[in-house]
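Taking it in order: structure first as structure tokens, then the write-up.
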Amino acid sequence: MSKEITARAVDYSQWYNDLIIKGELADYSAVRGCMVIKPYGFGLWENMRDVLDKMFKDTGHVNAYFPLFVPKSLFEAEEKNAEGFAKECAVVTHYRLKTDPDNKGKLIVDPEAKLEEELVVRPTSEAIIWNTYKNWIQSYRDLPILINQWANVVRWEMRTRLFLRTAEFLWQEGHTAHATEQEAVEETVKMLHVYADFVENYMALPVIKGVKSANERFAGAVDTYCIEAMMQDGKALQAGTSHFLGQNFAKAFDVRFSDKDNNYDYVWATSWGVSTRLIGALVMAHSDDEGLILPPRIAPLQVVIVPIYKGEEQKAMIDEKVDTVVKELKAKGIRVKYDDADNARPGWKFAEWEKKGVPVRLTFGARDIVNGIVEIARRDTSEKQNHNLEGLAGTIEALLEDIQHNMFHKAKTFRDDNIRKVDTWDEFVKTLDEQPGFIAAHWDGTPETEEKIKELTKATIRCIPLDNPQEAGKCILTGNPSKERVLFARAY
RNA sequence: AGGGAAGUAGCGCAGGCCGGUAGCGCAUCUGGUUUGGGACCAGGGGGUCGCAGGUUCGAAUCCUGUCUUCCCUACCA
């Protein structure tokens, strides 16, 4: 049992906070609602970002950067979108401070430096981007525009949670413009699959691809596609969204083009994004009471090596062996650290690196080296085994892959075991309270019913899965006819 | 935003009711012994007690305000 981490069974929320703080992913800051992402956590984000960035490039996208500030008049142009975000926007009203005449050494906002037009700190960039696209698009030859940006955004939240909900967070937002509706829809779905591919194959987190109900849809979108993941407490976490925006933004910003036949029409749009929130999902889905468990493909460190020795002579002998092994591992592209700090003993190091979720630990004992072996410990199962120094790098390489797959399958088994079909209201309520997870149930398709269910149980429709089997049934609440089951859950 | 709790050394906490100038454990530094699952001994350093006012001869302690964090509720395209 870890000395520093609250057990899941004792306090799930505190467990999550402990993992992040003690695992050194992030720290609290002096700014309300904002956190500091520490080097170890940022290393994780960088790895995620690099993989995603390559996936975006491979699907024909390019990166660009748009302003942090959006003039209020632009922001309000697409009404539904503006309305959706209005109550969580930070607004810049002044551009200058001055020394307080009544209190030397203090600064006050200079009342004479009021902006003529307030600037909204972007909660998302559709407005400024579509205002720009208007100037870039005249002809079908200018389309498609396939741009992504890596940026920070601000959404003023009342309640914050590290990584899951903070006032400022990092993300990427793709914004594309197309000549036809079909092409835009295809783009929306394509990026949803890119996200699912990334989250499943790199983060080892199984997701369900689906479409949001009207209540959960992005403001300003025609359709919102999403990937939903299940956390260890059975709650759902939206891991990524991809929106088909129709012509809503094109109309709001008057973005039109001439097609081959000289027809003049509005362009079709998409936007899609994932954020540092994914780190929260990763932490909550895989970790245990000893600390983080990071999937090898994106772990900042994949292998840590701990020496055990008596005296300088043994240390020198170990150093020599480790040096060779580190070179072999690095030659295979494996991220490895030799922890030979002499101010901590082995047991302390073991606990420390387990807390930080490093997938594989190698223990180099003086005794072992004489026998030509090394101890390999894997974080995901806590198993330890001895291995010959010969062929070690190849074994580690395979082991990292095995851990990656094992983590995915473990998470997938858990998720699949916690999706339950429910057909009556009583059973629905009981299941939500007693067996947290996703519930597949019939729904009559109306926003009113969804709202009522949310009111009564706090559960929302997470998504209507893609390729959902069609099956006649009766709505769980109203008894009205339904043609398919949808997924309900309480969500983060 | 409402309710509750908290903020004292890097971390975790005591002291506070009853005002008198701050202490414990861990960490850190020095020396030594150690090293196969969070070592031990000895010595040392480090804090305007979240911040700002007020009461007082004197405030970590009492009063007012404010900021930050955590928990519950509400909100959350």
Side-chain angles (χ1 to χ4, degrees), chain A residues 1-6 10-18 20-22 24 26-35 78-89 100 103 105-106 123-124 126 153 155-162 164-167 212-224 226 237-238 241 243 245 248 271 273 277 290-291 306-315 318 339-355 361-371 373-375 377 382 384 386 447 454-455 458 460 490-492:
Chain A
M1 180 64 71
S2 172
K3 287 183 178 177
E4 297 182 354
I5 295 174
T6 307
V10 173
D11 184 341
Y12 190 85
S13 294
Q14 193 56 48
W15 167 74
Y16 175 77
N17 288 332
D18 285 351
I20 291 174
I21 301 296
K22 308 293 167 91
E24 295 190 39
D27 207 348
Y28 294 107
S29 75
V31 191
R32 181 186 185 83
C34 296
M35 65 175 186
E78 207 295 318
E79 273 180 52
K80 279 186 182 156
N81 188 255
E83 241 181 75
F85 283 111
K87 57 187 178 295
E88 45 189 294
C89 284
D100 185 348
N103 195 352
K106 300 291 178 185
T124 180
E126 273 81 0
V153 288
R155 297 179 186 180
W156 213 262
E157 302 281 357
M158 277 305 127
R159 189 187 165 187
T160 58
R161 282 200 86 185
L162 294 168
L164 294 182
R165 178 171 287 122
T166 48
K212 286 292 188 189
S213 62
N215 289 8
E216 300 282 323
R217 188 184 297 148
F218 176 69
V222 173
D223 268 316
T224 288
C226 63
L237 194 149
Q238 178 177 294
T241 50
H243 314 289
L245 302 174
N248 292 346
S271 71
R277 194 175 208 223
E290 305 302 320
V306 176
I308 300 177
Y309 56 91
K310 296 180 185 179
E312 289 304 313
E313 196 179 314
Q314 289 191 349
K315 173 70 165 44
I318 292 169
D339 182 6
D340 69 340
D342 63 358
N343 59 341
R345 299 167 80 255
W348 190 90
K349 291 178 184 175
F350 295 169
E352 186 68 13
W353 293 113
E354 277 160 13
K355 193 170 69 191
R361 183 187 72 233
L362 300 179
T363 307
F364 275 72
R367 202 161 68 206
D368 295 339
I369 288 196
V370 173
N371 297 324
I373 58 170
V374 58
E375 182 189 84
S382 302
K384 292 188 220 176
N386 289 325
K454 183 179 177 184
E455 215 173 279
K458 287 177 197 159
T460 51
R490 291 185 177 136
Y492 277 98

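Note that the structure is predicted; figures quoted are calculated from it, not measured. Just the heavy atoms: all of them, side chains too, but no hydrogens, waters or symmetry mates, feed the values below. Note on naming: letters A, B, ... go to the chains in the order of the sequence lines (proteins, then strands), and numbering restarts at 1 for each one.
- A:Ser13 comes within 4.0 angstrom of sugar-phosphate atoms only, judged by non-hydrogen atoms across all strands, and of no base.
- At whole-Å resolution of the value, CD1 in A:Ile308 and P in B:G38 are 11 Å apart.
- Between A:Lys355 atom NZ and B:G37 atom C1' the separation is 14 Å, expressed in whole Å.
- Judged by atom type and distance alone, A:Lys384 reaches the base of B:G37 through a side-chain donor-acceptor pair under 3.5 Å.
- Going from atom CH2 of A:Trp348 over to atom P of B:C40 covers 15 Å, rounded to whole Å.
- Note that CD1 of A:Ile20 is 11.5 Å distant from CG of A:Asp27, once rounded to the nearest 0.5 Å.
- Which of B:A74, B:G38, B:G36 sits closest to the side chain of A:Pro346 comes down to B:G36.
- Nucleotides of RNA chain B nearest to A:Gln238 and A:Lys349 differ in position, and the one nearer the 5' end is that of A:Lys349.
- Taking atom P in both B:G4 and B:U66, one finds a spacing of 15 Å when rounded to whole Å.
- A gap of 48 Å separates the C1' atoms of B:G54 and B:A42, to the nearest Å.
- For the C1' atom pair drawn from B:G53 and B:G3, the interatomic distance equals 27 Å after rounding to whole Å.
- Residue-level contact check: A:Glu352 touches the bases, meaning some heavy atom is under 4.0 Å from a base atom.
- As a whole-Å value, the separation of A:Ile20 CD1 from B:C11 C1' is 18 Å.
- The structure places NZ of A:Lys384 at 5.0 Å from CD of A:Glu375, a figure rounded to the nearest 0.5 Å.
- B:G65 and B:G2 are spaced 14 Å apart, taking the P atom of each and rounding to whole Å.
- Atom CD of A:Glu24 is separated from atom C1' of B:G10 by 12 Å (rounded to the nearest Å).
- With hydrogens and angles ignored, no donor-acceptor pair under 3.5 angstrom links the side chain of A:Arg345 to the base of B:G36.
- A salt bridge is defined here as a Lys NZ or Arg NE, NH1 or NH2 lying under 4.0 Å from an Asp or Glu carboxylate O, and A:Lys355 with A:Glu352 meets this definition.
- For B:G38 and B:G43, the P atoms lie 26 Å apart once the distance is rounded to whole Å.
- Here A:Lys315 contributes atom NZ and A:Phe364 contributes atom CZ; the two are 13.0 Å apart, rounded to the nearest 0.5 Å.
- Of the C1' atoms belonging to B:A52 and B:G15, the separation is 24 Å, rounded to the nearest Å.
- A:Asn17 comes within 4.0 angstrom of the backbone, heavy atoms only, and of no base.
- Distance CG/A:Asn248 to CD/A:Glu126: 11.0 Å, rounded to 0.5 Å.
- Within the structure, every side-chain polar atom (N or O) of A:Arg367 is placed at least 4.0 Å from both OP1 and OP2 of B:G36.
- One donor-acceptor pair, N or O on each side, does fall under 3.5 Å between the base of B:G37 and the side chain of A:Glu354.
- The side chain of A:Gln14 sits closest to B:C70 out of B:C70, B:G37, B:G36.
- B:A74 atom P lies 16 Å from atom NZ of A:Lys87, rounded to whole Å.
- Between A:Glu88 and A:Ala344, it is A:Ala344 whose nearest contact on RNA chain B lies nearer the 5' terminus.
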Trace of the side-chain contact (heavy atoms from CB on, under 4.5 Å) decision for A:Arg277 with A:Leu237:
CA-CA 9 Å; A:Arg277 194 175 208 223; A:Leu237 194 149; 4.2 Å; yes
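- Proximity of A:Tyr28 to the phosphate of B:C70: a side-chain N or O atom is located under 4.0 Å from OP1 or OP2.
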RNA chain B in dot-bracket form (Watson-Crick or G-U pairs under 3.5 Å, [ ] crossing, | inter-strand) is ((((((((.[[[[.)....(..]]]].((((((.....)))))).....[[[[[..)....]]]]])))))))....
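- Without hydrogens or angle criteria, A:Lys349 side chain to A:Ala341 main chain gives a donor-acceptor distance under 3.5 Å.
- Looking only at distances, a side-chain donor or acceptor of A:Asp18 sits under 3.5 Å from a matching main-chain atom of A:Thr6.
- Regarding A:Asp339, its CG atom lies at a distance of 13 Å from the C1' atom of B:U35, rounded to whole Å.
- At whole-Å resolution of the value, CZ in A:Phe218 and C1' in B:C76 are 14 Å apart.
- Among the nucleotides B:A74, B:C71, B:G38, the one closest to the side chain of A:Arg161 is B:C71.
- B:C62 and B:U56 have their C1' atoms separated by 10 Å, given to the nearest Å.
- Interatomic distance, CG of A:Asn386 versus OG1 of A:Thr363, reported as 9.5 Å (0.5 Å rounding).
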Taking N or O atoms only and anything under 3.5 Å, show me the protein contacts with nucleotides 30-32 of chain B, one pair per line.
none

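- At the heavy-atom level, A:Gly33 lies under 4.0 Å from the strands shown only through sugar-phosphate atoms.
- When the P atom is compared between B:A9 and B:C72, the two are found 27 Å apart, to the nearest whole Å.
- Annotation: the span from A:Asn17 atom CG to A:Lys22 atom NZ amounts to 10.5 Å, rounded to 0.5 Å.
- Side-chain proximity of A:Tyr309 to the nucleotides B:U35, B:U28, B:C75 is greatest for B:U35.
- Remark: the backbone N or O of A:Lys212 is not paired with any side-chain donor or acceptor of A:Thr224 at under 3.5 angstrom.
- Residues satisfying the side chain to side chain donor-acceptor pair (under 3.5 Å) test with A:Glu354, not counting sequence neighbours, are A:Arg361.
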